[in-house]
Amino acid sequence: MQGILRQIGELLVSSIPTIIGLLIVWAGYYFLVHRKLQQVLKQRHALTQGAVEQAQKEIAQAEARTAEYEQRVREARAQIYKTQQAYRQHVMDERNAALAEARKQAGETVKKARTALEADMAAAKATLEQQASALADKVIEMVLKPAAAAGGR
C-alpha cells in the first residue's frame, strides 16, 4: 500500500508542471481572448437587439400608416356614398317635379276637354230642342191638316 501511495505522490509531483502550464494557458486565454470575446458578444447582442427594436419600431410605424390609409379609404368611400345619395335624391326630386308638372298639365287638359264637351253637349241639346220643336210643329201640322181637310168636307 505504501508503494501505491508513493506512486500517487510521484504522479502528483510530476503533474505540478502540467497544472502550472494549464493555469498559465487558462490565465492567458482569460486575459487575452475571453474578455475580448465577451465584449464582442455583448456588442453583437446590443447591435442585434437594437436592430430588432428598430425593426419593431418600423413595423409599428407601418401599421399606423396602414391604419391611417384604411381610415382615409373608409372616409373616401363614405364621401362617395354621400355624393351618390345626393345625386340620386336630386334625380328623384327632378323626376317627381316632372311627374307633378305632367299631372298638372294632364289635369288642365282634362278640364279643358270637359269644358269643351259640356259646351258641345249644351249646343247639341239646344239644337235637339230646336229640331224637336220644329219636328213637333211639322207633326202637328201633318196630323191636323188631314183632319181639318176631312172635317171640312
Side-chain angles (χ1 to χ4, degrees), residues 12 15-153:
L12 284 175
S15 67
I16 288 178
T18 305
I19 292 172
I20 291 174
L22 279 174
L23 287 175
I24 291 172
V25 168
W26 179 80
Y29 165 78
Y30 184 79
F31 290 111
L32 295 176
V33 177
H34 184 71
R35 284 185 181 173
K36 293 198 183 228
L37 182 63
Q38 288 299 321
Q39 288 176 350
V40 169
L41 288 175
K42 284 180 184 178
Q43 287 175 347
R44 275 194 176 170
H45 180 71
L47 290 175
T48 305
Q49 190 65 22
V52 167
E53 289 173 1
Q54 181 66 26
Q56 288 174 345
K57 286 178 186 177
E58 290 176 3
I59 288 171
Q61 288 174 349
E63 288 175 351
R65 282 182 284 193
T66 301
E68 181 182 343
Y69 171 75
E70 289 173 353
Q71 180 63 29
R72 286 183 183 174
V73 167
R74 281 192 295 275
E75 289 172 359
R77 284 182 182 160
Q79 184 62 34
I80 289 170
Y81 179 73
K82 286 179 184 177
T83 304
Q84 287 176 342
Q85 285 300 101
Y87 177 73
R88 285 183 189 132
Q89 186 63 40
H90 176 70
V91 168
M92 289 298 290
D93 291 343
E94 286 180 353
R95 179 178 159 257
N96 290 338
L99 283 173
E101 183 63 28
R103 284 184 184 137
K104 180 180 172 186
Q105 289 177 355
E108 289 174 4
T109 304
V110 167
K111 283 181 186 178
K112 287 178 184 177
R114 279 188 183 156
T115 305
L117 184 62
E118 288 174 1
D120 287 347
M121 278 180 32
K125 280 183 183 180
T127 304
L128 284 175
E129 285 178 10
Q130 199 175 33
Q131 288 175 356
S133 293
L135 282 174
D137 289 340
K138 280 186 180 182
V139 168
I140 291 174
E141 189 180 314
M142 293 190 85
V143 169
L144 290 179
K145 259 189 187 182
R153 282 195 213 182

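Source: prediction; values computed, not measured. For the numbers below, each heavy atom of this structure counts, side chains included, while hydrogens, waters and symmetry mates do not.
Taking the side chain to side chain contact (heavy atoms under 4.5 Å, CB included) definition, one finds that I19 meets it with S15, L23, sequence neighbours left out.
Here the shortest heavy-atom pairing between E58 and R65 reads O-NH2, 4.4 Å.
In this structure, the separation between CD on Q61 and OG1 on T66 is 11.5 Å, given to the nearest 0.5 Å. Taking CZ of R44 as the reference point, atom CG of L37 lies at 9.0 Å (rounded to 0.5 Å). The NZ atom of K36 sits 14.0 Å away from atom CG of L41, with the distance rounded to the nearest 0.5 Å.
For Q71, the CD atom is densely surrounded, since the number of other residues' heavy atoms within 6.0 Å is greater than 12.
No side-chain donor from either of R35 and Q38 sits under 3.5 Å from a side-chain acceptor of the other.
Applying the side chain to side chain donor-acceptor pair (under 3.5 Å) test to residues at least two apart or on different chains, the pairs with a partner in residues 102-117 are E101-Q105.
At least one side-chain heavy atom of I80 sits under 4.5 Å from a side-chain heavy atom of Q84. When side chains are defined from C-beta on, K82 does not count as touching Q85, because their heavy atoms never get closer than 4.5 Å. You'll find the side chain of Y69 reaches within 4.5 Å of the side chain of V73, heavy atoms only.
Taking the charged nitrogens against the carboxylate oxygens, E53 and K57 have no contact shorter than 4.0 Å, which rules out a salt bridge.
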